[in-house]
There are 2 protein chains.
Amino acid sequence: MKGRNQRKPVAPPSISDAEWKVMNVFWDRGPSTLREAVESLESGSDWKPRTVQTLIRRLVTKGALSVEELGREFRYTPVFSQADCQLDESRSFLGRVFDGRLVPFLAGMVESEKIPQEEIEALRRLLDEAEKRQTPSE
Amino acid sequence: MKGRNQRKPVAPPSISDAEWKVMNVFWDRGPSTLREAVESLESGSDWKPRTVQTLIRRLVTKGALSVEELGREFRYTPVFSQADCQLDESRSFLGRVFDGRLVPFLAGMVESEKIPQEEIEALRRLLDEAEKRQTPSE
DNA sequence: CTTCATGGATTACGTGTGTAATCTATGGAT
DNA sequence: ATCCATAGATTACACACGTAATCCATGAAG
């Protein structure tokens, strides 16, 4: 037992807007140090290194990143997969805004956004697959 | 000019979790007083009337509800349509979590949720319509 | 007329968020 | 041996949010 050994909670913690940008770096790059994260964020944000450090620390505190000592620096690693966190956010978003219902959400999107043809086809393929998976045979 | 005459902003303000619950009451019922809103919220939340009042006041301040004097009470009316607010939230959610892309969102949903057959069909119809609208003739 | 319930206004208070600066220790450069 | 850049730790600070309580005025009830 190495001390501050926070057990992985069952569900991902809630991740704020700014924190998502940070998490995306770790999901893209895998385990990284502060310096590496700061470099990755240089294009695409104008955060000072201290700001990034604060966000990382908060993510550690809330259990979204784990820490491992690496020489005199720390290396941070996502505790949850991006897919898990995305799913969590998706559910909470649909619940809050659309009473949990997917159909009105997509209705709004296709009505007001111009969905390019190839996306429409991709979406259709998703539905086909979902149907196949759920109707094993027959 | 009656004083606190805030002009309708072009875009809906950002609406928090608790505030969504309140806005939904006004979208459902149309213009209503505090008392009516409190009654509507009694089932489905255990908020004290003062809490509801605070949320309404904040919604007025941020320009999501407008006020009109009605005897000694006020009547509150949504400034933006529910659809507008939903669209706004949808865009910001997709941007934050899925880099703005719809396909990965739906991919996650159909992979991890059991979408009932009739919803799948409803979603397909939405795609068909979207396609038709975007390919006027030809 | 007095009392009470209720609305609006003001105030509260802990936590989360965005955005850092300062303090302290130390590895690397000179 | 000394100085600097940088990491982690601590501290900051205003605004948003969830969740009210208190204060003041007034219409309704008695």
Side-chain angles (χ1 to χ4, degrees), chain A residues 3-4 12-25 31-42 44-77 88-89 92-93 95-97, chain B residues 2-4 12-26 31-42 44-77 88-89 92-93 95-97:
Chain A
R4 55 120 180 57
S14 83
I15 294 174
S16 80
D17 203 333
E19 288 164 357
W20 264 95
K21 293 192 187 135
V22 174
M23 287 304 290
N24 281 330
V25 170
S32 311
T33 64
L34 167 62
R35 197 167 22 76
E36 292 166 334
V38 167
E39 279 162 21
S40 284
L41 284 163
E42 246 154 34
S45 90
D46 47 359
W47 283 329
K48 303 288 180 295
R50 294 301 91 179
T51 302
V52 179
Q53 193 193 10
T54 297
L55 292 168
I56 289 178
R57 188 176 37 73
R58 287 181 184 166
L59 286 164
V60 170
T61 300
K62 59 170 76 169
L65 290 176
S66 66
V67 204
E68 161 200 12
E69 240 164 305
L70 174 72
R72 77 182 231 76
E73 295 177 36
F74 287 163
R75 173 153 49 193
Y76 304 95
T77 308
D88 220 62
E89 288 277 343
S92 109
F93 157 73
R96 185 162 36 94
V97 176
Chain B
K2 264 196 266 60
R4 50 120 183 58
S14 82
I15 294 172
S16 80
D17 204 333
E19 287 164 357
W20 264 95
K21 295 193 185 133
V22 174
M23 287 304 291
N24 281 329
V25 170
F26 290 98
S32 313
T33 63
L34 168 61
R35 196 169 20 80
E36 293 166 334
V38 167
E39 279 162 21
S40 285
L41 284 163
E42 245 153 36
S45 91
D46 47 359
W47 284 330
K48 304 288 180 296
R50 295 299 91 179
T51 301
V52 179
Q53 192 193 11
T54 297
L55 292 169
I56 289 178
R57 187 177 36 73
R58 286 181 184 164
L59 286 164
V60 170
T61 300
K62 58 171 75 170
L65 290 176
S66 66
V67 203
E68 163 199 10
E69 239 164 306
L70 174 72
R72 80 181 226 75
E73 296 178 35
F74 288 163
R75 171 152 51 193
Y76 306 94
T77 310
D88 221 62
E89 288 276 343
S92 108
F93 157 73
R96 187 162 35 94
V97 177

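Convention: sequence-line order gives letters A, B, ...; per-chain numbering from 1. Just so it is clear, the model here is predicted, and its values are computed rather than measured.
- In this structure, the side chain of A/T51 does not engage the main chain of A/W47 through any donor-acceptor pair within 3.5 Å.
- Computed from coordinates, the B/E69 CD to D/dG27 C1' distance equals 15 Å when rounded to whole Å.
- Rounded to an integer number of Å, the gap from A/L34 CG to D/dA5 P is 17 Å.
- In this entry the distance linking CZ of A/F74 with C1' of C/dA25 reads 13 Å, nearest Å.
- With distances taken from any side-chain atom of B/Q53 to the nucleotides D/dG18, C/dA20, C/dA9, the minimum falls on C/dA9.
- Salt bridge present: A/E73 and A/R35 bring a charged side-chain N and a carboxylate O closer than 4.0 Å.
- Regarding A/I56, its CD1 atom lies at a distance of 15 Å from the C1' atom of C/dG18, rounded to whole Å.
- Proximity note for A/Y76 (side chain, C-beta onward) versus D/dA20, C/dT17, D/dG8: the nearest is D/dG8.
- Between B/R50 atom CZ and D/dC24 atom C1' there is a gap of 12 Å when expressed in whole angstrom units.
- When the C1' atom of D/dA7 is taken as reference, atom CD of A/E39 falls 14 Å away, rounded to whole Å.
- Remark: P of D/dG27 and CD of B/E73 are 12 Å apart, rounded to the nearest angstrom.
- Within the 4.0 angstrom heavy-atom criterion, only backbone atoms of the sugar-phosphate kind lie near B/S16; the bases stay farther away.
- Judged purely by atom type and a 3.5 angstrom limit, B/K62 uses its side chain to pair as donor or acceptor with the backbone of B/S14.
- When distances are taken from the side chain of A/R72 to each of C/dT19, D/dA7, D/dT10, the shortest belongs to D/dA7.
- Under 4.0 angstrom from either OP1 or OP2 of C/dA20 there lies at least one side-chain N or O belonging to A/K48.
- Base engagement by A/T51 is indicated by at least one non-hydrogen atom pair under 4.0 Å involving a base atom.
- Ring geometry for B/F26 against B/Y76 counts as perpendicular: the plane angle is over 60°, on a 0 to 90° scale with 30° as the lower cut.
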Verdict with reasoning, B/T54 to B/R57, per side chain to side chain contact (heavy atoms under 4.5 Å, CB included): CA-CA 5 Å; B/T54 297; B/R57 187 177 36 73; 3.4 Å; yes

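- Here A/R35 lies in heavy-atom contact (under 4.0 Å) with sugar-phosphate atoms only.
- Judged by distance alone, with hydrogens and angles left aside, B/R58 brings a side-chain donor or acceptor within reach of the base of D/dT19, the pair sitting under 3.5 Å.
- Relative to the side chain of B/L55, the nucleotides C/dG18, D/dT19, C/dG8 differ in distance, and D/dT19 lies closest.
- Comparing C/dG18, D/dA20, D/dC17 by their nearest atom to the side chain of A/A18 picks out C/dG18.
- A/W47 has a side-chain polar atom (N or O) that falls below the 4.0 Å cut-off from OP1 or OP2 of C/dT19.
- Side-chain proximity of B/R57 to the nucleotides D/dT19, C/dG18, C/dT10 is greatest for C/dT10.
- Protein atom CG of B/D17 is 12 Å distant from nucleotide atom P of C/dT17, rounded to whole Å.
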